[in-house]
Amino acid sequence: MANVRLTVNGKAVSADVEDRTLLVQLLRDHLGLTGTHVGCDTSQCGACVVHIDGRAVKSCTTLVGQADGAHVTTIEGISKGDELHPMQAAFRDNHGLQCGYCTPGMIMSAIDIVNRYGAELDEDTVRHELEGNICRCTGYHNIVKSVLDAASRMKLSIAAE
């Protein structure tokens, strides 16, 4: 057993966990943050993406110990109260989801993409960057549309702050 301390969605968390505990297990099973989904357990589908210190990471293959001392943000931590994050709003407005299973991971990956590339994204870049996220419902057209829309919304949101 190891004691890990991290900040999850702005709140300090301390837990005694086995060394082999995955971050997704801590989030879902110990903290009740079930928005982070488990789809494949092999880092292929992207349903488990969270941010560690601002970078997108697949939590199904990340040991909790690797996140010790880090700031972790899950899908539950990106909105401001009842106000959706611009990426969430863009997915809603552009019909970027169907069944919704992949959506939390898609949104977390997409936020990271916009943070890295800024508003200067194009369709090819978004499609390339989302290769690690699988959606079996939408055909990706509206997901890509959502990310591009959110890129401009996020730029406006930052300018307003």
Side-chain angles (χ1 to χ4, degrees), residues 1-92 96-97 100-121 125-126 128-135 143 146-147 150-151 153-161:
M1 297 291 275
N3 182 269
V4 293
R5 296 176 188 276
L6 52 154
T7 304
V8 179
N9 297 333
K11 296 178 183 171
V13 172
S14 177
D16 291 320
V17 295
E18 292 184 35
D19 292 336
R20 63 186 175 156
T21 303
L22 297 171
L23 181 57
V24 72
Q25 293 169 318
L26 176 75
L27 296 171
R28 291 181 59 81
D29 301 340
H30 298 273
L31 302 178
L33 298 171
T34 57
T36 302
H37 293 159
V38 179
C40 66
D41 286 325
T42 60
S43 195
Q44 300 296 310
C45 75
C48 67
V49 173
V50 299
H51 293 172
I52 297 178
D53 293 331
R55 303 263 327 171
V57 174
K58 293 182 178 178
S59 63
C60 75
T61 54
T62 302
L63 296 169
V64 174
Q66 293 173 284
D68 192 21
H71 291 269
V72 177
T73 305
T74 69
I75 191 73
E76 292 93 343
I78 63 171
S79 64
K80 293 179 182 172
D82 291 338
E83 181 184 340
L84 295 176
H85 184 281
M87 189 66 71
Q88 291 171 305
F91 266 68
R92 178 198 60 207
L97 62 118
Y101 198 81
C102 71
T103 306
M106 284 283 185
I107 287 173
M108 297 304 286
S109 292
I111 291 168
D112 180 66
I113 293 166
V114 173
N115 286 340
R116 286 185 289 118
Y117 286 92
E120 304 305 316
L121 281 170
T125 302
V126 172
H128 174 74
E129 289 289 324
L130 285 177
E131 285 181 0
N133 293 77
I134 296 173
C135 175
I143 292 172
S146 299
V147 175
R153 293 181 192 208
M154 288 170 67
K155 182 179 179 183
L156 292 173
S157 176
I158 292 168
E161 290 178 359

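On a predicted model such as this, the values are computed, not experimentally measured, just so you know.
- When all heavy atoms are compared, the tightest approach of Ala151 to Gly118 is CB-O, 4.3 Å.
- Between the CG atom in Leu27 and the CD atom in Glu76 there is a gap of 8.0 Å [rounded to 0.5 Å].
- The side-chain heavy atoms of His51 and Val57, taken from C-beta on, include no pair separated by under 4.5 Å.
- The closest side-chain heavy-atom distance from Glu129 to Leu121 is not below 4.5 Å.
- Each of Thr34, Thr36, Asn9 was checked for a side chain to side chain donor-acceptor pair (under 3.5 Å) with Thr74, and the lone residue meeting it is Asn9.
- For the side-chain contact (heavy atoms from CB on, under 4.5 Å) test with Cys48, the passing option among Ser43, Cys40, Ser59 is Ser59; the others fail.
- The side-chain heavy atoms of Thr73 and Ile78, taken from C-beta on, include a pair separated by under 4.5 Å.
- Residue Thr62 holds its OG1 atom at 12.0 Å from CG of Leu26, rounded to the nearest 0.5 Å.
- Looking only at side-chain heavy atoms (C-beta outward), Asn133 and Cys102 stay at 4.5 Å or farther from each other.
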Practice problem: Might you work through the side chain to side chain contact (heavy atoms under 4.5 Å, CB included) test for Met1 and Val17, ending with a clear yes or no? | Solution: CA-CA 5 Å; Met1 297 291 275; Val17 295; 5.7 Å; no

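- Atom-to-atom distance recorded for Ile113:CD1 and Met106:CE is 9.0 Å, nearest 0.5 angstrom.
- Looking only at side-chain heavy atoms (C-beta outward), Phe91 and Ile143 come within less than 4.5 Å of each other.
- Here the side chain of Tyr117 pairs no donor or acceptor atom with the backbone of Val126 at under 3.5 angstrom.
- Gly54 and Asp112 get closest at one heavy-atom pair: O-OD1, 3.7 Å.
- Contact annotation: the side chain of Val8 approaches that of Leu6 to within less than 4.5 Å [non-hydrogen atoms, C-beta and beyond].
- Separating the CZ atom in Arg28 from the CG atom in Leu23 is a distance of 12.0 Å, to the nearest 0.5 Å.
- With Lys58 as the fixed residue, the side-chain contact (heavy atoms from CB on, under 4.5 Å) test singles out one of Val50, Val24, Val49: Val49.
- Between the side chain of His71 and the backbone N or O of Asp53, no donor-acceptor pair lies under 3.5 Å.
- A 4.5 Å side-chain heavy-atom check between Gln88 and Ile75 finds at least one atom pair inside the cut-off.
- Panel note: side chain Asp68, backbone Val4; no donor-acceptor pair is recorded below 3.5 Å.
- No more than 12 heavy-atom neighbours from other residues, nucleotides or ligands sit within 6.0 angstrom of CZ on Arg5.
- Of the inter-residue distances, the one linking Gln66 atom CD with Leu22 atom CG reads 9.0 Å to the nearest 0.5 angstrom.
- For the pair Ala56 and Ser109, the tightest heavy-atom approach, listed with the atom from each and the gap, is CB-CA, 4.5 Å.
- In this structure, CD1 on Ile52 lies 11.5 Å from CZ on Arg55, to the nearest 0.5 angstrom.
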Practice problem: Go through the steps to decide whether Met87 and Val114 satisfy the test side chain to side chain contact (heavy atoms under 4.5 Å, CB included), and finish with yes or no. | Solution: CA-CA 9 Å; Met87 189 66 71; Val114 173; 3.7 Å; yes

